Structure formats: structure tokens, C-alpha cells
Amino acid sequence: MKRKIKLSVETFLKLFEIVEDGYSFETALRKLDLNYNSKELRYKYHMYLEHGIDILIPHASRPKYSRKLKDKVAHISFFSCLLDRVQFIF
């Protein structure tokens, strides 16, 4: 399985500048000697035009929850479901 290559915001902007000069997405990638999917670049470019530079800035990863917290949530969920069934019977 291939890893997804991450490009910096500056690299994306250089690529977009080349594309805006009239070159294709494939040619822009070749000019900068990058091994990146041209379809993904095209998608990023259109998102950049629609939403601005914020779309290129990587977001923080999702928060990591401790095992203790996950167990507590599962425990509460289980007993909540169990209480609902008991109330249904009576």
C-alpha cells in the first residue's frame, strides 16, 4: 500500500502558479519533479479556488482517548441500555 505524499502549502502554491501559467497538472508535477497524483492535485486546486488557502493547511489529528475513558463510556452505555430494557419490562 502506498503512503499518501504530503505536500507543503508553499509547494501547492508553486504548483498552482504553474497551472495558472497555462500548464497541465501533470506538467506542473513533472516540472517540480513530484510523485503526486494529478487527480488529487486537480481536486485540491478546485477546493483552493473555492475555499481559499485554508483548505491546504493540514488539520490536527483527531484526539486520542485513553483506554480508561473508553471503558467508562462503554460501561455507561451498556448500563443505560440495560436500564431502558428493565423499565420496558415493568
Side-chain angles (χ1 to χ4, degrees):
M1 187 165 111
K2 289 185 178 181
R3 285 185 70 207
K4 189 172 181 178
I5 298 171
K6 295 182 181 179
L7 301 177
S8 68
V9 175
E10 294 80 17
T11 305
F12 276 118
L13 293 176
K14 286 178 191 174
L15 286 165
F16 297 160
E17 190 175 310
I18 293 170
V19 167
E20 288 171 351
D21 286 343
Y23 293 96
S24 69
F25 291 97
E26 293 82 5
T27 304
L29 288 167
R30 270 188 255 122
K31 278 183 168 254
L32 295 183
D33 195 31
L34 295 172
N35 185 20
Y36 193 77
N37 188 333
S38 62
K39 289 181 181 180
E40 181 72 21
L41 181 62
R42 184 175 286 114
Y43 172 76
K44 291 273 192 182
Y45 179 68
H46 291 292
M47 293 298 286
Y48 166 72
L49 292 178
E50 190 173 327
H51 300 286
I53 198 166
D54 290 340
I55 202 73
L56 302 175
I57 299 170
H59 298 286
S61 63
R62 294 183 179 177
K64 308 288 189 267
Y65 299 109
S66 69
R67 179 72 182 179
K68 185 177 178 181
L69 178 63
K70 289 178 185 178
D71 287 343
K72 188 174 184 179
V73 169
H75 182 68
I76 291 169
S77 177
F78 172 76
F79 282 106
S80 173
C81 182
L82 190 60
L83 283 174
D84 289 342
R85 288 184 180 185
V86 170
Q87 289 174 356
F88 179 72
I89 293 172
F90 293 107

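Just so you know, these numbers come straight off a predicted model, no measurement behind them.
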Discussion item. Quick check: closest heavy atoms across L15 and A28, and the distance to 0.1 Å?
Written reply: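 Looking at all heavy atoms of both residues, the closest pair is CD2-O, 3.5 Å.
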Test of understanding: with side-chain contact (heavy atoms from CB on, under 4.5 Å), list the residues that count as partners of [X], not counting sequence neighbours.
X: I76; answer: K72
X: E26; answer: S24, R30, S38, R42
X: V73; answer: L69

Please report the interatomic distance [atom1]([X]) to [atom2]([Y]), rounded to the nearest 0.5 Å.
X: L29; Y: T11; atom1: CG; atom2: OG1; answer: 11.0 Å
X: I53; Y: L13; atom1: CD1; atom2: CG; answer: 4.5 Å
X: K6; Y: Y36; atom1: NZ; atom2: OH; answer: 11.0 Å
X: D54; Y: M47; atom1: CG; atom2: CE; answer: 11.5 Å
X: L34; Y: F12; atom1: CG; atom2: CZ; answer: 9.5 Å

Worksheet item: Can you name the ring pair (Phe, Tyr, Trp, His ring centres under 6.0 Å) partners of H51, sequence neighbours left out?
Response: none
Worksheet item: So, do T27 and I18 sit near enough that their side-chain heavy atoms are less than 4.5 Å apart?
Response: no
Worksheet item: Any side-chain heavy-atom pair from F16 and L49 closer than 4.5 angstrom?
Response: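 No, side chains not in contact.
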Worksheet entry | Test salt bridge (Lys or Arg N to Asp or Glu O under 4.0 Å) applied to D21 - qualifying residues, sequence neighbours left out | none
Worksheet item: How are the rings of H46 and F25 set relative to one another: parallel (under 30°), tilted (30 to 60°) or perpendicular (over 60°)?
Response: tilted
Discussion item. E20: which residues meet the side-chain hydrogen bond (donor to acceptor under 3.5 Å, both in side chains) condition with it, sequence neighbours left out?
Written reply: Y45
